[in-house]
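Accompanying notes for the structure given below.
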Amino acid sequence: QVQLVESGGGLVQAGGSLRLSCAASGRTFRNYVMGWFRQAPGNEREFVAANSRSGGSTDYADSVKGRFTITRDNAKNTGYLQMNSLKPEDTAVYYCAQGGGWLEKSSSEYDYWGQGTQVTVSS
């Protein structure tokens, strides 16, 4: 079965950095778009970033452009989200997801999800 496992979350001060990883198994990783979403308490799950099957195309939410970078290593079946210049408003549970579309911003376009990893940014 398909499994996505996130890691790398934690507590960081504002201005700091974290790198999230998403290890995938169960189907051919390079055949699927990867997305990152986040959900803060009381809020809906929101799009953060996505990259194409090759990793050559990316898309970002306006709130993270210039600070976050999405990459993937198809040889390792792993995706990454490098988060720099973190702000308290970035605090959320971060989820990786796989989908069969293009650089989709809607969570409904992704069919497999990880369990999430908590990112907390203190002021």
Side-chain angles (χ1 to χ4, degrees):
Q1 71 278 21
V2 177
Q3 281 192 317
L4 302 177
V5 180
E6 300 99 335
S7 60
L11 173 64
V12 64
Q13 287 189 330
S17 298
L18 284 173
R19 188 175 84 153
L20 305 184
S21 298
C22 175
S25 61
R27 62 182 183 179
T28 306
F29 183 72
R30 65 178 180 274
N31 288 349
Y32 298 91
V33 169
M34 167 158 282
W36 286 93
F37 290 74
R38 66 186 182 187
Q39 187 167 19
N43 291 355
E44 294 186 353
R45 192 169 296 189
E46 64 174 2
F47 171 79
V48 175
N51 66 1
S52 60
R53 291 161 178 79
S54 68
S57 296
T58 58
D59 195 12
Y60 296 93
D62 288 343
S63 58
V64 307
K65 277 181 183 175
R67 300 189 298 123
F68 290 13
T69 303
I70 185 171
T71 58
R72 62 193 292 162
D73 185 336
N74 286 343
K76 295 182 178 180
N77 295 336
T78 302
Y80 304 97
L81 185 68
Q82 177 68 43
M83 306 185 295
N84 298 329
S85 303
L86 283 161
K87 304 175 182 180
E89 51 264 43
D90 294 318
T91 295
V93 177
Y94 283 71
Y95 299 88
C96 66
Q98 273 190 349
W102 181 230
L103 301 178
E104 308 294 346
K105 294 184 177 180
S106 171
S107 60
S108 64
E109 298 295 328
Y110 294 83
D111 50 2
Y112 285 96
W113 293 80
Q115 83 288 351
T117 186
Q118 176 71 47
V119 171
T120 302
V121 184
S122 63
S123 57

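Predicted, not measured: the structure shown is a model, and the values here were computed from it. When a residue number appears, it is its place in the shown sequence, counting from 1.
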- Query: Is Arg72 positioned over the aromatic face of Phe29, cation under 6.0 angstrom from the ring centre and no more than 45 degrees off axis?
  - Reply: yes

- Query: Under the side-chain hydrogen bond (donor to acceptor under 3.5 Å, both in side chains) criterion, do Thr78 and Asp73 qualify, and how do the steps go?
  - Reply: CA-CA 5 Å; Thr78 302; Asp73 185 336; over 6 Å; no

- Message: What verdict does the salt bridge (Lys or Arg N to Asp or Glu O under 4.0 Å) test give for Asp111 and Arg27, after you've listed the backbone C-alpha separation in whole Å, the side-chain angles of each residue and the deciding distance to 0.1 Å?
- Response: CA-CA 12 Å; Asp111 50 2; Arg27 62 182 183 179; 2.9 Å; yes

- Message: Distance check, rounded to the nearest 0.5 Å: Met34 atom CE versus Leu4 atom CG?
- Response: 6.0 Å

- Is the charged tip of Arg53 near the ring of Trp102: under 6.0 Å from the six-membered ring centre and within 45° of its axis? no

- Task: If the plane angle is over 60° it's perpendicular, under 30° parallel, otherwise tilted; pick one for Phe37 and Phe47.
- Result: perpendicular

- Message: Between Glu89 and Thr91, do the side chains contain a donor N or O and an acceptor N or O under 3.5 Å apart?
- Response: no

- Message: Tell me whether the count of non-hydrogen atoms from other residues, nucleotides or ligands lying under 6.0 Å of CZ in Arg30 goes above 12.
- Response: no

- Item | Any side-chain heavy-atom pair of Leu86 and Leu18 under 4.5 Å | yes

- Query: Can Arg38 be said to sit on top of Tyr95's aromatic six-ring, NZ or CZ under 6.0 Å from centre and within 45° of the ring axis?
  - Reply: no

- Item | Separation of Arg45 CZ from Gln39 CD (nearest 0.5 Å) | 5.0 Å

- Message: With a 4.5 Å cut-off on side-chain heavy atoms, are Asn51 and Ser57 touching?
- Response: no

- Query: Could you state the interatomic distance from OG (Ser25) to CG (Asn77), rounded to the nearest 0.5 Å?
  - Reply: 8.0 Å

- Query: Salt bridge between Asp90 and Lys87, side-chain N to carboxylate O under 4.0 Å?
  - Reply: no

- Check for a donor-acceptor pair, side chain of Glu6 on one end and backbone N or O of Gly116 on the other, with a separation under 3.5 Å. yes

- Note on the structure: Taken to the nearest 0.5 Å, the spacing of Trp36 CH2 from Thr117 OG1 works out to 8.0 Å

